[in-house]
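Please read the structure below before turning to the comments.
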Amino acid sequence: MTTVNVNGTKHAVETDPRRPLLDVLREDLNLRGSKHGCGEGECGACTVIVNGAPVCACLVLAGSVEGAEVTTIEGMDNDPVGTEIVRNMANAGAVQCGFCIPGFVMQGWDAVQRASGKDPETLRAELGGNLCRCTGYAKILEALQTTAATRPVSPIRARRPDPVPDLRLNGYLRPATMDALRDALRDPGEKLRVIAGGTDLMVQNRHGLETLTLLDLSGLTELTRIDSFDDRIEIGAGASWTDIRENAQIREHAPVLALAAAEVGARQIQNRATIGGNLANASPAADGVPPLAIYDAQVLCLSAKGERAVPIQAFITGPGKTCLEPGEIIRAVSVPVEHDRQDTVAFFEKSGPRKAQTISRASVACHIWTASDGTRAVRIAIGAVAPTVRRVPEAEALLRETPDAIEAAADLVRQAALPISDIRASADYRMDLVQGLFKRGFLRATQA
Ligand SMILES: Cc1cc2nc3c(=O)[nH]c(=O)nc-3n(C[C@H](O)[C@H](O)[C@H](O)COP(=O)(O)OP(=O)(O)OC[C@H]3O[C@@H](n4cnc5c(N)ncnc54)[C@H](O)[C@@H]3O)c2cc1C
Ligand code: FES
Ligand code: FES
């Protein structure tokens with residue numbers, strides 16, 4: 001039995017907690033307004049609000065929303081922001097076939113509240129995760145701009161979810177305390193799979209998670225903490241990319257990580273996907289890794305026996321491979337803090353097939369600064385152009401001595417790439433790309 005609180009009503013549903021929330025909403029609760037489009041987090045048609053933040057219901061486990069407040073398009077009937085958006089969409093003639101519209105209303109609900117008082121581009125960027133097959137974008141945007149201008153506020157944002165108890169069902173464990181987590185790690189068994197946001201695992205398993213024994217970390221509020229110390233910032237493995245991009249300490253002390261966080265998928269993905277999942281998934285294209293590499297971050301790995309710190313570059317050992325032992329999880333990532341930084345140049349550049357929701361074909365993370373004694377620090381890392389993320393020490397040394405040698409440094413960045421040709425891009429193209437991204441990033445950061 002899984003209990004879900006949808007649109008203010010608690011439903012006890014006889015279902016497997018490892019099923020996608022979208023299926024439970026549509027099939028068990030007969031709430032068919034949330035649409036099944038791509039099923040992979042790409043189109044936004046299934047967007048619902050969980051505890052005040054839009055997420056893709058196709059990538060959320062039913063079990064992980066127990067205790068949470070879920071709002072679907074049907075629940076927007078009673079919401080001042082939702083009703084205003086629907087009215088403005090009707091007035092603007094924004095609805096064609098209508099398939100995408102519930103998703104646009106749900107993501108629009110968040111977007112108009114974030115964008116109110118800001119420039120129109122903010123609103124457009126917030127909607128990057130939603131597709132309209134009828135290409136009705138102009139009128140959809142017009143309706144949302146009209147709504148944003150009224151500076152709407154929804155009471156849903158202010159409500160807090162119920163405290164989450166341990167949830168232990170057949171094949172599914174969601175611990176609520178670190179002690180319960182350590183117990184689960186003591187005897188993990190061969191089949192145990194950890195799940196956090198589920199945005200990689202759900203897609204990789206084509207939603208067939210009912211065959212896996214899952215340890216769901218999403219109930220552990222301790223894992224979502226971001227703690228700032230004098231010498232480091234400790235980011236809990238369960239911190240989402242939205243938590244990271246909006247954290248003031250990270251923006252100040254590890255700005256390239258905050259910039260990369262804003263580039264991971266679209267808002268629905270950023271609200272759900274975690275930094276721990278990004279690292280453990282160990283994709284060569286993972287956007288979280290190049291920024292952590294330039295800051296010499298440490299991955300804090302927890303097991304029932306204790307904790308160990310592993311340098312980020314040693315943590316990922318190959319595509320899809322990490323040094324995590326059975327019964328070990330990532331608890332947090334520790335990012336060293338440097339207080340003496342002046343004349344900072346910081347950027348994260350990536351390139352992929354689409355502006356939003358794009359898996360990198362190449363990426364560059366760079367942070368350059370000068371200390372008060374005149375010492376220059378240059379940190380450069382490249383992603384998606386080798387089996388694992390690479391630092392570029394040759395380019396770093398050159399720019400330390402000769403700050404203006406950008407062209408020569410870009411050549412060294414190109415030479416550091418060891419790409420393969422695959423379905424996304426040829427090796428030559430990736431080398432050109434990473435060189436161009438370095439130059440573009442530098443220009444943008446210095447001319448801004
Ligand atoms: C539409 C879409 C767009 C995307 N865009 C991007 C993008 O632009 N850039 C990018 O880098 N990624 C992207 N991703 C991939 C994904 O969202 C990220 O890698 C995300 O950070 C994964 O986090 P998660 O919590 O969802 O991981 P999950 O799916 O929960 O887990 C991923 C893997 O990590 C393991 N795991 C999770 N947490 C832990 C932990 N604490 N300790 C040990 N193991 C753990 C799981 O067992 C699993 O093997 C995208 C995905 C989708 C669906
Ligand atoms: S169905 Fe497309 S994002 Fe969920
Ligand atoms: S109105 Fe048809 S998909 Fe958008």
Quiz prompt | Side chain proximity check, Leu215 to Leu185, heavy atoms < 4.5 angstrom | solution = yes
Self-check item: Side-chain H-bond candidate by donor/acceptor type, Arg245 with Gln270, under 3.5 Å
Solution: yes
Quiz item: Would a distance-only check, ignoring hydrogens and angles, find a side-chain to backbone donor-acceptor pair under 3.5 Å from Asn281 to Gly277?
Solution: no
Self-check item: Arg376 atom CZ, over 12 foreign heavy atoms within 6.0 Å
Solution: yes
Practice problem: May I ask you to decide whether Glu142 forms a salt bridge with Lys139, counting only side-chain N to carboxylate O separations under 4.0 Å? | Solution: no
Quiz item: Hey, would you say the His253 and Tyr295 ring centroids sit under 6.0 Å apart?
Solution: no
Exercise. Flag this pair as yes if the NZ/CZ of Arg444 is under 6.0 angstrom from the six-membered ring centre of Phe347 and inside a 45 degree cone about the axis; otherwise no.
Key: no
Practice problem: Tell me, with the steps shown, if Leu324 and Ile329 meet side chain to side chain contact (heavy atoms under 4.5 Å, CB included). | Solution: CA-CA 7 Å; Leu324 280 176; Ile329 62 145; 5.8 Å; no
Quiz prompt | Between CD on residue Gln268 and CG on residue Leu127, distance to nearest 0.5 Å | solution = 8.5 Å
Practice problem: Please answer whether the main-chain N or O of Thr177 pairs with a side-chain N or O of Glu222 as donor and acceptor at a distance below 3.5 Å. | Solution: no
Quiz item: Measuring from Glu328:CD to Leu302:CG, what's the distance to the nearest 0.5 Å?
Solution: 8.0 Å
Quiz prompt | Pair Arg251 + Glu246: basic N to acidic O under 4.0 Å | solution = no
Quiz item: Can you find a side-chain donor-acceptor pair between Asp287 and Ser363 that sits under 3.5 Å?
Solution: no
Practice problem: Return the minimal non-hydrogen interatomic distance between Val81 and Pro152, and the atom names on each side. | Solution: CG2-CB, 3.8 Å
Exercise. Check whether the side chains of Asn271 and Thr242 place a donor and an acceptor atom closer than 3.5 Å, and report yes or no.
Key: yes
Self-check item: Close side-chain approach of Val335 to Ile235, heavy-atom, < 4.5 Å
Solution: yes
Quiz item: For the residue pair Leu214 and Arg18, what are the closest heavy atoms and their distance?
Solution: CD1-CG, 3.5 Å
Self-check item: Test item: Val105 and Met89 side chains (from C-beta on) under 4.5 Å apart, heavy atoms
Solution: yes
Quiz item: Taking C-beta and beyond as the side chain, do Arg193 and Leu201 meet within less than 4.5 Å on heavy atoms?
Solution: yes
Quiz item: Atom CH2 in Trp109, atom CD1 in Ile49: separation rounded to 0.5 Å?
Solution: 4.5 Å
Quiz item: How about Thr47 and Gln107: does a side-chain donor come under 3.5 Å of a side-chain acceptor?
Solution: no
Quiz item: Roughly how far apart are Glu394 CD and Gln415 CD, rounded to 0.5 Å?
Solution: 8.0 Å
Quiz prompt | Check: His367 side chain, Ala377 main-chain N or O, donor-acceptor pair, under 3.5 Å | solution = no
Self-check item: Leu300 side chain reached by Val333 side chain, heavy atoms, under 4.5 Å
Solution: no
Quiz prompt | Interatomic spacing from CG in Asp200 to OG1 in Thr274 - rounded to 0.5 Å | solution = 8.5 Å
Quiz item: Would you find a donor on one side and an acceptor on the other, under 3.5 Å apart, between the side chain of Asp340 and the backbone of Ser372?
Solution: yes
Quiz item: Sub-3.5 Å donor-acceptor pair from the side chain of Asp243 to the main-chain atoms of Ser240, do we have one?
Solution: yes
Self-check item: Asn91 and Thr146: CA distance, side-chain angles, deciding distance, side chain to side chain contact (heavy atoms under 4.5 Å, CB included) verdict
Solution: CA-CA 10 Å; Asn91 289 342; Thr146 309; over 6 Å; no
Practice problem: Kindly say whether Gly198 contributes a backbone atom to a donor-acceptor pair with the side chain of Arg272 at under 3.5 angstrom? | Solution: no
Quiz item: Would you call Val256 and Cys366 a side-chain contact if the rule is heavy atoms closer than 4.5 Å?
Solution: no
Quiz prompt | From CD1 (Ile275) to OG1 (Thr224), nearest 0.5 Å | solution = 13.0 Å
Quiz item: Within the side chain of Thr147, is there an N or O that forms a donor-acceptor pair under 3.5 Å with the backbone of Ala143?
Solution: yes
Exercise. Determine whether the side chains of Ser351 and Arg440 contain a donor N or O and an acceptor N or O closer than 3.5 Å.
Key: no
Quiz item: With a 4.0 Å cut-off, would you call Arg331 and Glu234 a salt bridge?
Solution: yes
Self-check item: Min side-chain heavy-atom separation Met106-Pro54 under 4.5 Å
Solution: no
Exercise. Return the minimal non-hydrogen interatomic distance between Ile140 and Cys100, and the atom names on each side.
Key: CD1-SG, 4.3 Å
Exercise. Quick one: closest heavy-atom pair of Asn130 and Tyr137, and the distance?
Key: O-CE2, 3.9 Å
Self-check item: Heavy-atom donor-acceptor pair, Ser421 side chain to Ala427 backbone, under 3.5 Å
Solution: yes
Practice problem: List the atom of Glu126, the atom of Asp110, and the distance in Å for their closest heavy-atom pair. | Solution: OE1-OD2, 4.4 Å
Quiz item: Hey, is Asp411 close enough to Arg414 for a salt bridge, meaning N to O under 4.0 Å?
Solution: no
Exercise. Apply the side-chain contact (heavy atoms from CB on, under 4.5 Å) test between Leu217 and each candidate in Leu181, Ile330, Ile195; give the one that qualifies.
Key: Leu181
Exercise. Spell out, as yes or no, whether a donor-acceptor pair under 3.5 Å connects the side chain of Arg390 to the backbone of Ala416.
Key: yes
Quiz prompt | Candidate pair Phe442 and Val345, rule side chain to side chain contact (heavy atoms under 4.5 Å, CB included), full reasoning | solution = CA-CA 8 Å; Phe442 194 85; Val345 174; 4.2 Å; yes
Self-check item: Test item: Phe438 and Val392 side chains (from C-beta on) under 4.5 Å apart, heavy atoms
Solution: no
Quiz item: Do side-chain atoms of Gln113 reach the backbone of Ser154 as a donor and acceptor pair under 3.5 angstrom?
Solution: yes
Self-check item: Heavy-atom closest pair, residues Cys301 and Phe315
Solution: SG-CE1, 4.0 Å
Exercise. Go through the steps for Met178 and Leu223 under the test side chain to side chain contact (heavy atoms under 4.5 Å, CB included), then give the verdict.
Key: CA-CA 9 Å; Met178 293 304 278; Leu223 287 191; 4.0 Å; yes
